[in-house]
There are 2 protein chains.
Amino acid sequence: MRSYGQACALAKALDVVGDRWTLLIVRELLIRGPCRYTDLQDGLPGIATNLLGGRLRELQEAGIVRREDAPPPIAATLFGLTPRGEALEPVLKELGRWGAPLLAGSARGDALRAHWLALPLRFYLTDGRPRLPPATLELRAGGEAISVEVGGGTVRTRLGSAPNPDAIVTGDPRLILALLAGKLSLAKARASGVKYAGDTSVLRRVRPSTADGRTTRKRRPASRSRAPVAG
Amino acid sequence: MRSYGQACALAKALDVVGDRWTLLIVRELLIRGPCRYTDLQDGLPGIATNLLGGRLRELQEAGIVRREDAPPPIAATLFGLTPRGEALEPVLKELGRWGAPLLAGSARGDALRAHWLALPLRFYLTDGRPRLPPATLELRAGGEAISVEVGGGTVRTRLGSAPNPDAIVTGDPRLILALLAGKLSLAKARASGVKYAGDTSVLRRVRPSTADGRTTRKRRPASRSRAPVAG
DNA sequence: CAGCATCCGCTTTGATACTG
DNA sequence: CAGTATCAAAGCGGATGCTG
């Protein structure tokens with residue numbers, strides 16, 4: 001928590017969240033909502049446990065993290081973001097947008113957690129058919145599941161399986177992201193090993209909310225059944 | 001330059017710009033445009049010279065900083081941002097916005113450079129009277145001068161004196177910022193030692209571009225002469 | 001003087017082990 | 001599960017020296 005000692009808003013912000021691992025801890029809490037210490041460890045591969053403990057304490061003192069004891073049935077401590085912590089979301093959004101091109105140069109040894117998809121999906125996708133009834137997409141990768149709910153003009157994400165998804169996508173997280181962002185056609189994604197089962201209209205429904213990630217749809221491909229697939 | 005080793009856009013971004021001092025170096029380059037090594041040192045009080053040199057090299061390798069030899073008359077190396085480096089502006093904007101409330105708790109020993117004002121002014125102010133001819137404001141604090149050009153709906157900032165300003169504001173940088181952002185009335189700013197000479201309509205013309213910083217103008221105060229004041 | 005490189009003491013980080 | 005304790009390694013801050 002060394003300070004830059006500069007009377008500058010940016011420097012003051014970095015005094016609080018500029019330390020190593022800090023913004024990644026906020027990322028995990030934004031994705032997961034209130035969660036346990038071990039969940040954080042799982043989502044932050046490579047962090048030393050003493051560092052995680054220390055950061056959580058500092059973030060709590062800074063009013064960014066809130067510690068709460070879970071409701072009676074469970075005996076666990078939960079860590080969550082305060083409103084002040086949630087206010088960091090635009091920062092992560094812009095930083096992630098800037099860093100997105102760097103993902104291409106990601107090394108083979110890099111850790112990969114499917115739930116990391118949740119943040120870019122929430123940030124950069126939008127519901128291209130706001131009038132249609134809500135639809136649900138389940139993503140599966142690396143033993144994790146993410147539910148993507150599209151409806152009313154917005155896209156929401158949750159960790160875990162969806163009860164009754166309209167489609168299920170399985171495969172490499174990066175390919176799934178590229179597919180949903182419209183940067184990769186379904187045909188090419190399938191050729192690269194992505195499995196798509198269910199209603200493909202959900203796929204066409206999500207759209208990048210910026211003009212950047214242009215969708216490469218030429219002609220509507222043969223649509224599959226609209227019936228939910230088995231969970 | 002240690003990597004988090006995570007295939008996540010945010011982590012990749014922090015691999016590149018997450019090190020200590022890095023984003024503050026980008027801040028200086030955004031404010032100043034291409035400038036010399038010693039200018040950077042002056043704008044980054046507290047940085048060790050070996051760190052600055054090392055960071056500049058790393059940032060150059062990362063494609064964020066560009067090194068150019070100054071035109072013939074001057075014998076100096078200039079450091080500037082590449083387009084990729086300028087793309088960090090939204091990140092600094094959001095981080096600065098988040099950190100702004102922390103400025104209140106700034107310690108007495110904190111370093112203060114008037115040119116740091118340039119970034120928040122550029123980010124958060126707007127021209128409230130786009131149809132009026134352009135106006136210029138000169139800010140003076142701590143031996144530094146900043147020109148603020150208001151016109152055509154936008155606000156631009158430059159370092160250095162303005163040739164023919166419509167008004168000159170002198171005093172504590174934080175008070176000047178609060179005054180321009182409409183969070184401090186001219187009367188209170190003057191009571192705190194801020195000197196305002198020239199046309200006060202320029203002051204009423206700049207407006208925070210967000211709904212956050214509400215201007216506290218009740219009734220139009222007696223306006224001073226529109227003639228430029230002496231530089 | 002501008003633009004570094006080197007050295008040294010200190011702090012932070014990382015890996016592991018251990019505890020209530 | 002939720003941390004604390006320990007210790008080696010890396011990074012940082014400050015001073016200084018070198019090169020045009």
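Chain letters run A, B, ... following the sequence lines, proteins first and then strands; every chain starts at 1. Keep in mind that the numbers below use all heavy atoms, side chains included, and drop hydrogens, waters and symmetry copies.
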Polar side-chain atom of B:Tyr124 near backbone of B:Arg97 as donor-acceptor pair, under 3.5 Å
yes

Under the rule for side chain to side chain donor-acceptor pair (under 3.5 Å), what residues qualify as partners of A:Thr22, not counting sequence neighbours?
A:Arg55

Ionic contact status for B:Arg140 with B:Glu138, cut-off 4.0 Å
yes

Is the shortest distance from a Lys or Arg side-chain nitrogen in A:Lys12 or B:Asp110 to a carboxylate oxygen in the other one below 4.0 Å?
yes

How long is the line joining CG of B:Leu44 and C1' of C:dG3, in whole Å?
15 Å

Kindly write out the residues that satisfy ring-ring contact (aromatic ring centres under 6.0 Å, His included) with A:Tyr4, not counting sequence neighbours, or none if the list is empty.
B:Trp21

Does anything in residues 142-156 of chain A pair up under salt bridge (Lys or Arg N to Asp or Glu O under 4.0 Å), and if so which pairs, sequence neighbours excluded?
A:Glu149-A:Arg158

Once you apply a heavy-atom cut-off of 4.0 Å, does A:Arg57 come out as touching a base, just sugar-phosphate, or nothing?
nothing

Axis-to-axis angle for the helix from C:dC1-D:dG20 to C:dG20-D:dC1, ends of five pairs each, to 10°, equals 30°

Do any side-chain atoms of residues 168-182 of chain A form donor-acceptor pairs under 3.5 angstrom with protein atoms, and if so which ones, sequence neighbours left out?
unit_1: A:Asp172; atom_1: OD1; unit_2: A:Arg174; atom_2: N; d: 2.8
unit_1: A:Asp172; atom_1: OD1; unit_2: A:Leu175; atom_2: N; d: 3.3

What residues form a side chain to side chain donor-acceptor pair (under 3.5 Å) with A:Arg66, not counting sequence neighbours?
A:Glu68

Review item, nucleotides 18-20 of chain D N/O atoms under 3.5 Å of protein N/O:
none

Applying ring pair (Phe, Tyr, Trp, His ring centres under 6.0 Å) as the test, list every pair that has at least one member in residues 152-176 of chain A; sequence neighbours left out.
none

Show every ring pair (Phe, Tyr, Trp, His ring centres under 6.0 Å) that has at least one partner inside residues 158-179 of chain B, sequence neighbours left out.
none

Verify whether one side chain among B:Thr136 and B:Asp166 offers a donor that lies under 3.5 Å from an acceptor in the other.
no

Side-chain donor-acceptor contacts of residues 29-36 of chain A below 3.5 Å, not counting sequence neighbours, with atom names and distances?
unit_1: A:Arg32; atom_1: NE; unit_2: A:Glu28; atom_2: OE1; d: 2.8
unit_1: A:Arg32; atom_1: NH2; unit_2: A:Asp39; atom_2: O; d: 3.4
unit_1: A:Arg32; atom_1: NH2; unit_2: A:His115; atom_2: NE2; d: 3.4
unit_1: A:Arg36; atom_1: NE; unit_2: A:Asp39; atom_2: OD2; d: 3.3
unit_1: A:Arg36; atom_1: NH2; unit_2: A:Asp39; atom_2: OD1; d: 3.4

Whole Å only: how far is the CG atom of A:Leu52 from the C1' atom of C:dT12?
16 Å

Can you give one letter per nucleotide of nucleotides 13-20 of chain C, going 5' to 3': B for a protein heavy atom under 4.0 Å from the base, S for sugar-phosphate only, - for none?
SBBBB---

Rounded to whole Å, CG of B:Leu59 lies from P of C:dG3 at a distance of 16 Å

Please check the phosphate of C:dA2 (OP1 and OP2 only) for any side-chain N or O of B:Arg67 closer than 4.0 Å.
no

So which of residues 31-39 of chain A are in contact with DNA chain D, with a heavy-atom cut-off of under 4.0 Å?
A:Arg36, A:Tyr37, A:Thr38

Atom CZ of A:Phe79 and atom C1' of D:dA2: how far apart are they, to the nearest Å?
7 Å

Side-chain donor-acceptor pair present, B:Thr154, B:Asp127, cut-off under 3.5 Å
no

